[in-house]
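Presented below is the structure to which this report refers.
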Amino acid sequence: MKPIILSILLLSMLSAGAQSLPEFNDKPAYVNTKSKKLLELEKSQYNTMAKAKGLFSAEGGFFLNGASSPVKIAAAKELTFVVKVTPGTDPSSIFDLVQFEVKKDKRVLITTKAKAISTSSSFEKISFDVKRIKEGYYYLITKDLKKGEYFFGSSEFMFAFSVE
């Protein structure tokens with residue numbers, strides 16, 4: 001009987017010290033490296049915008065309401081996020097990391113600028129490292145993010161956070 005009780009106690013101690021992992025696919029979360037706890041990011045669908053900029057130009061992109069995300073992360077040299085993906089999928093092919101521009105009470109990402117005779121589509125993506133934890137689970141590691149508003153974007157959702 002004693003070996004069974006000791007085994008149960010040992011397993012519970014090991015699992016208490018282990019880091020939790022996300023339950024759902026394609027939903028990144030911040031890893032607090034000190035407490036080993038996960039912090040869910042602000043999930044939102046894409047809100048599109050288009051705005052005329054005078055008679056011969058316009059811009060379009062995406063926005064989130066609010067000047068700052070309710071998800072606050074302390075600035076650090078390296079920030080770690082974790083994501084579960086379908087096994088065999090490269091997370092960097094699913095997610096882009098982008099910084100918002102804050103305009104009044106919105107977080108905005110301009111993706112397209114049009115002039116009378118041309119249109120350009122581009123925005124600056126922030127690189128991040130990918131490190132495999134185990135099959136289907138990966139760390140997304142950012143380096144030197146400045147204070148500001150950011151999001152990991154997939155084809156369907158934005159996962160926003162604020163670096164303070």
Going by the rule salt bridge (Lys or Arg N to Asp or Glu O under 4.0 Å), which residues pair with Asp144 if we only count those two or more places apart in sequence or in a different chain?
Lys77
Just to verify, what does Glu101 make a side-chain hydrogen bond (donor to acceptor under 3.5 Å, both in side chains) with, not counting sequence neighbours?
none
Tell me every residue that passes side-chain hydrogen bond (donor to acceptor under 3.5 Å, both in side chains) with Lys72, counting only those two or more places apart in sequence or in another chain.
Ser68
Side chains of Val83 and Pro22 in contact at under 4.5 Å (non-hydrogen atoms)
no
Using atom types as modelled, flag every donor-acceptor pair under 3.5 Å from a side chain in residues 151-164 to any protein atom, sequence neighbours excluded.
unit_1	atom_1	unit_2	atom_2	d
Ser154	OG	Glu156	N	3.3
Ser154	OG	Phe157	N	3.1
Ser154	OG	Phe157	O	3.4
Ser162	OG	Glu149	OE2	2.8

Taking all non-hydrogen atoms of both residues, which atom of Asn47 and which atom of Ser44 are closest, and how far apart?
ND2-OG, 4.1 Å
Same cluster or not: Tyr30 versus Val71, using hydrophobic residues (I, L, V, M, F, W, Y) connected whenever any side-chain heavy atoms lie under 4.5 Å apart?
yes
Pairs flagged by salt bridge (Lys or Arg N to Asp or Glu O under 4.0 Å) wherever residues 83-99 is involved - sequence neighbours left out:
Asp96-Lys125
Provide the closest heavy-atom pair for Phe100 versus Leu109 in the form atom of the first, atom of the second, distance.
CD2-N, 4.1 Å
Table please: side-chain donor-acceptor pairs of residues 128-137 below 3.5 Å, with sequence neighbours left out.
unit_1	atom_1	unit_2	atom_2	d
Asp129	OD2	Lys143	NZ	2.6
Arg132	NH2	Glu135	OE1	3.0

Residues passing the ring pair (Phe, Tyr, Trp, His ring centres under 6.0 Å) test with Tyr138, sequence neighbours excluded, are none
Kindly indicate whether the side chain of Tyr150, heavy atoms from C-beta on, has any atom under 4.5 Å from the side chain of Leu145.
yes
Under 6.0 Å from the CD atom of Glu78, do we count more than 12 heavy atoms belonging to anything else shown?
yes
Test of understanding: with side-chain hydrogen bond (donor to acceptor under 3.5 Å, both in side chains), list the residues that count as partners of Ser69, not counting sequence neighbours.
Glu42
For Phe63, the ring pair (Phe, Tyr, Trp, His ring centres under 6.0 Å) test, sequence neighbours excluded, returns none
Between Ile126 and Leu79, is there shared hydrophobic-cluster membership here, with clusters defined by ILVMFWY side-chain heavy atoms closer than 4.5 Å?
yes
Over all atoms of both residues, closest heavy-atom pair of Leu140 and Pro28
CD1-CB, 4.4 Å
Is there a path of hydrophobic side-chain contacts, each under 4.5 Å between heavy atoms of I, L, V, M, F, W or Y residues, that connects Leu21 with Val85?
no
Would you say that Lys106 contacts Asn65 through its side chain, given a criterion of any heavy-atom pair below 4.5 Å between the two side chains?
yes
Run the salt bridge (Lys or Arg N to Asp or Glu O under 4.0 Å) test against Asp26 and tell me which residues pass, sequence neighbours left out.
none
Hphob cluster co-occupancy, Leu39 + Leu64, side-chain heavy atoms under 4.5 angstrom:
no
Where Lys36 and Thr33 come nearest, the two heavy atoms and their spacing:
NZ-O, 3.4 Å
Going through the distances and angles, do Val31 and Leu38 end up as a side-chain contact (heavy atoms from CB on, under 4.5 Å)?
CA-CA 5 Å; Val31 178; Leu38 300 183; 3.7 Å; yes
Taking only residues two or more places apart in sequence, or in another chain, which ones meet Thr48 in a side-chain contact (heavy atoms from CB on, under 4.5 Å)?
Phe62
